[in-house]
Amino acid sequence: MSDAKRPATSLGWFDAEDAPARADLRSCIHCGLCLAACPTYRTLRLEPGSPRGRVYLMRGLSESRIEPSHPLLEHLDQCLGCRACETACPAGVPYGRLLEVSRGQFERRARERSHARRLGQWALTRLVPDRAAMHRAADLMRLMQNPAFEAFMRSRAARALLPDFAVRGWRMIPPLLPRRERALERLATALPPGARMEARADALVFHPAGVAKARTAFFTSCVMEVMFPRIDQQAVRLLVLAGCEVTVPRGQCCCGALQAHAGMRRLAKDLARANVRAFDPGNYDFVVNDSAGCGAALRGSGELLRDDPLAGPAARFAARVRDIAEALDQVGLPAPVVALRSARDPDRPLRVGYHDPCHLAHAQRVRVEPRALLRRLPGVELVDLPNSDWCCGSAGVYDLTHPAMSDAQLAQKVDAIAAIAPEVVVASNPGCAMHMARGAAERGLDVRIVHLVELLARAYPPPACG
Ligand code: SF4
Ligand code: SF4
C-alpha cells in the first residue's frame with residue numbers, strides 16, 4: 001500500500017519539512033480550464049491524470065483522507081512538470097510548487113527504491129553537480145562515439161543487453177567536441193573588434209568594445225557546457241556584441257533543476273545556495289542563461305530558499321535571471337550583418353518553425369522576445385509550430401523514465417513539425433532539442449533542431465568567418 005513512512009502531523013500525511021501550503025492546495029476552484037492544456041490528460045482522459053485531479057490528490061494527502069498508494073504516486077509521477085496548467089489556470093494555482101514539494105516528501109521518505117531509481121539518484125548526486133566529472137563523462141562518451149560502438153547501440157544485441165533508458169539516452173546525445181574546444185576561453189579569438197577577454201582567478205570576464213551598456217553574468221549550465229559548448233560560446237559572443245560586459249563566475253555550479261524535479265530538494269537547495277553565493281557579490285544587471293530548464297530553476301531560487309538564511313540574496317539573484325533572448329532583446333543587438341537563406345534553395349528565405357520550451361513559455365513566461373529577435377533577422381520566414389507550447393515529452397529525464405507517455409507527446413510534436421515543413425526548428429532548451437531531433441530523425445523529416453543563438457550567430461559571423 002504505502003511505500004513511505006507515515007508521520008502523524010497536522011499536515012495530514014505530509015511532514016513539516018517543505019510541506020505544500022494549505023492556501024496553495026485550496027486555491028483550485030475545480031473549473032477544469034487546465035484539462036485541455038495538460039498533456040497527460042489529453043493522452044489518458046483520466047481525472048487523476050489531470051492537474052485538477054493531482055491537486056485534489058495532494059489535498060487529500062494533506063487532509064489525511066488518503067494515503068500515498070502506488071496508483072496515487074503513479075499519477076503524480078506521470079506528470080511531466082511542464083506547467084502548462086499554470087498558464088491555463090485562472091485561479092493562479094502554483095502547480096509547479098505544489099508538485100515539487102510533494103515529490104520532495106515522497107522521495108525523502110520513500111522506503112524502497114528500484115535499481116534504476118538508485119542509479120538516477122547517483123547520477124543526480126555525484127555526476128551532474130560535479131563539473132569535472134561531467135567533462136570526464138563527456139570525454140568517455142566522445143571516445144564511444146565511433147562507428148563500431150554506434151552500430152552496436154543500434155543493434156538488437158544492445159536492446160537485449162542494455163536497459164531501455166540507456167539505448168534511448170544514447171540515441172539523443174549530440175556529437176561531442178574535444179575538451180579543449182568546449183572551453184569558453186576559445187572565444188578570445190572570435191570576439192567583436194575592440195572587445196577583450198580577461199581571465200581572473202574567480203571568473204572569466206568579457207569586456208565589450210567601448211562603455212558597457214549592461215553588466216551581466218553568464219550561467220553556463222552543465223549540460224550546455226559539455227554537450228552544446230558552441231551555443232554557450234555564441235551566447236557570450238552575442239552578449240558582448242550587444243555591448244554587455246559578461247562575467248562568468250568560476251564558482252557557479254549545476255542549477256539543481258533535475259534534482260528538484262526528482263524530489264531531491266535538499267540537494268537542490270545546496271546547489272541554489274552555491275549559485276547565489278557565486279553570483280550575488282557581482283551586483284549584475286542580469287544573470288543570463290541559454291537553457292530554458294536551468295533558467296526556470298535559477299528564477300525559482302528565491303522561492304526554493306525562502307526560509308533560508310540566504311533568502312534575501314536568493315530573491316535578489318532570482319529577480320535578475322534572464323533568458324538569453326530577453327537579455328539580447330532588452331540590451332539590443334546591432335543590425336544583422338548577413339541575411340539567412342534556405343540551404344535547399346538560396347533564392348528562398350529560411351523557413352523557421354518555433355517551438356516554445358515549457359520552462360521558457362510556461363515557467364518563465366518568455367514568448368515574445370525570441371520571436372522578436374528571429375523576426376529581425378533578414379531572410380527568415382518565421383512560423384509557429386501548431387500548438388507550439390505543448391510539451392515535446394522531454395521534460396528533464398522523463399523521456400527515459402516514462403518512454404511511452406513521452407513518445408506520445410513527441411509524436412504530436414513531430415506531427416506539428418511535419419505540418420508546417422520548416423527547414424529548421426528553434427527549440428532553446430537542450431532536452432527539447434535532443435528529444436525532438438531524435439523524433440524527427442526517426443520520422444525521416446529533413447529538418448534541423450537548433451537553438452535560437454545558433455541562428456542569431458549566423459547573422460553575426462565572428463571576425464574570423466566574416
Ligand atoms: S505540469 Fe503539465 S503534465 Fe503536469 S499536470 Fe500540469 S499540465 Fe499536466
Ligand atoms: S484551471 Fe486551476 S483552478 Fe481550474 S481546475 Fe485547473 S488547477 Fe484548478
Side-chain angles (χ1 to χ4, degrees), residues 20-63 68 71-107 257-258 260-263 292-293 295-297 299-300 303 355-365 367 387-413 416 429 431-432 435:
R22 280 212 184 85
D24 289 352
L25 288 166
R26 291 176 183 173
S27 59
C28 176
I29 55 173
H30 315 297
C31 65
L33 291 176
C34 54
L35 299 190
C38 175
T40 53
Y41 182 79
R42 285 197 302 267
T43 304
L44 300 170
R45 296 281 159 188
L46 290 174
E47 178 69 19
S50 76
R52 181 174 64 185
R54 292 184 177 116
V55 172
Y56 192 72
L57 291 175
M58 291 184 260
R59 184 170 171 176
L61 286 170
S62 80
E63 293 173 354
L72 178 147
L73 291 171
E74 182 54 25
H75 286 306
L76 292 176
D77 205 33
Q78 216 159 32
C79 169
L80 291 118
C82 68
R83 295 171 66 177
C85 44
E86 289 188 17
T87 298
C89 179
V93 174
Y95 181 85
R97 182 161 75 208
L98 285 171
L99 181 75
E100 284 200 358
V101 294
S102 298
R103 277 188 179 164
Q105 296 238 351
F106 299 141
E107 175 59 31
L258 293 177
H261 297 168
R299 269 190 153 111
E303 167 65 30
H355 158 76
D356 284 289
C358 299
H359 284 86
L360 200 54
H362 301 303
Q364 301 189 66
R365 311 281 160 118
R367 295 171 185 256
N387 299 313
S388 63
D389 66 353
W390 281 16
C391 181
C392 67
S394 169
V397 293
Y398 190 95
D399 51 340
L400 305 180
T401 57
H402 294 76
M405 181 61 77
S406 172
D407 280 353
Q409 312 315 317
L410 180 61
Q412 293 175 0
K413 190 58 74 176
N429 186 54
C432 303
H435 190 60

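Indexing begins at 1, ligand by ligand and atom by atom, following the structure's order. Values reported hereafter were calculated over all heavy atoms of this structure, with side chains retained and with hydrogens, waters and symmetry mates removed.
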Trainee: Locate the shortest heavy-atom distance separating Gly96 from Glu86; write the atom from each residue and the value.
Mentor: N-OE2, 2.6 Å
Trainee: Quick one: does Arg103's side chain have a donor or acceptor within less than 3.5 Å of a partner on Ala262's backbone?
Mentor: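 Checking the backbone N and O of Ala262 against the side chain of Arg103, no donor-acceptor pair under 3.5 Å is found.
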Trainee: Kindly confirm whether atom 2 (Fe) of ligand 2 is within less than 2.8 Å of some N/O/S atom in Cys28?
Mentor: no
Trainee: Run the contact test for Ile29 against ligand 2 with a 4.0 Å cut-off on heavy atoms, strictly below, and give the result.
Mentor: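 Within the 4.0 Å threshold, so yes.
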Trainee: How far is atom 8 (Fe) of ligand 1 from its nearest protein heavy atom, and which residue and atom name does that atom have?
Mentor: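 Atom 8 (Fe) of ligand 1 sits closest to the protein heavy atom Cys38 SG, 2.4 Å.
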Trainee: If the cut-off is 4.0 Å to any non-hydrogen atom of Arg52, which atoms of ligand 2 fall inside it?
Mentor: 5 (S)
Trainee: Among Met58, Arg26, Arg22, which residue satisfies the side-chain contact (heavy atoms from CB on, under 4.5 Å) criterion with Glu63?
Mentor: Arg26
Trainee: Is it the case that the side chain of Ser102 and the backbone of Leu99 share a donor-acceptor pair, with hydrogens and angles ignored and the cut-off at 3.5 Å?
Mentor: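 No; judged by distance alone, with no hydrogens or angles, the pair does not exist.
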Trainee: Roughly how far, to the nearest 0.5 Å, is the NE2 atom of His359 from the NE2 atom of His261?
Mentor: 4.0 Å
Trainee: Can you see which heavy atom on Ala257 is nearest to which on Gly293, and at what distance?
Mentor: CB-O, 3.9 Å
Trainee: Going by the order shown, which atoms of ligand 1 are within less than 4.0 Å of some heavy atom of Tyr95?
Mentor: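 Every atom of ligand 1 under 4.0 Å from some heavy atom of Tyr95: 1 (S), 4 (Fe), 5 (S), 6 (Fe).
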Trainee: Just jot down the ligand 2 atoms closer than 4.0 angstrom to any heavy atom of Pro90, in number order.
Mentor: 1 (S)
Trainee: Pick whichever of Gly81, Cys34, Cys79, Cys85 has a heavy atom sitting closest to atom 7 (S) of ligand 1.
Mentor: Cys85
Trainee: Record the part of Ala91 in heavy-atom contact with ligand 2 below 4.0 Å; permitted values are side chain, backbone, both and neither.
Mentor: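 Ala91 to ligand 2: side-chain contact only, backbone stays beyond 4.0 Å.
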Trainee: Report, in ascending order of atom number, the atoms of ligand 2 lying under 4.0 Å from any heavy atom of His30.
Mentor: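 By the 4.0 Å cutoff, the relevant atoms are 5 (S), 8 (Fe).
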Trainee: Among all protein non-hydrogen atoms, which one is nearest to atom 4 (Fe) of ligand 2, and what is the separation to 0.1 Å?
Mentor: Cys31 SG, 2.3 Å
Trainee: Check for a donor-acceptor pair, side chain of Arg83 on one end and backbone N or O of Tyr95 on the other, with a separation under 3.5 Å.
Mentor: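 Looks like no, no N/O pair under 3.5 Å.
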Trainee: Can you tell me which residue and heavy atom of the protein come closest to atom 3 (S) of ligand 1, and the distance to 0.1 Å?
Mentor: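 Going atom by atom, the protein heavy atom closest to atom 3 (S) of ligand 1 ends up being Leu80 N, 3.4 Å.
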Trainee: Does Asp356 offer a backbone N or O that forms a donor-acceptor pair with the side chain of Asp389 under 3.5 Å?
Mentor: no
Trainee: What atoms in ligand 2 come closer than 4.0 Å to a heavy atom of Gly32?
Mentor: 4 (Fe), 5 (S)
Trainee: For ligand 1, which atoms, with element, lie under 4.0 Å from some heavy atom of Arg83?
Mentor: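 What qualifies from ligand 1 is 1 (S), 2 (Fe).
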Trainee: Provide the closest heavy-atom pair for Gly393 versus Leu80 in the form atom of the first, atom of the second, distance.
Mentor: CA-CD2, 3.9 Å
Trainee: At a non-hydrogen distance cut-off of under 4.0 Å, which region of Arg54 contacts ligand 1 (side chain, backbone, both, or neither)?
Mentor: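 For Arg54, only side-chain atoms sit under 4.0 Å from ligand 1.
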Trainee: How long is the gap from CG on Leu360 to CZ on Arg367, to the nearest 0.5 Å?
Mentor: 9.0 Å
Trainee: Starting from atom 2 (Fe) of ligand 1, locate the nearest protein heavy atom and write down its residue, its atom name and how far away it is, to 0.1 Å.
Mentor: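 Ranked first by proximity to atom 2 (Fe) of ligand 1 is Cys82 SG, 2.3 Å.
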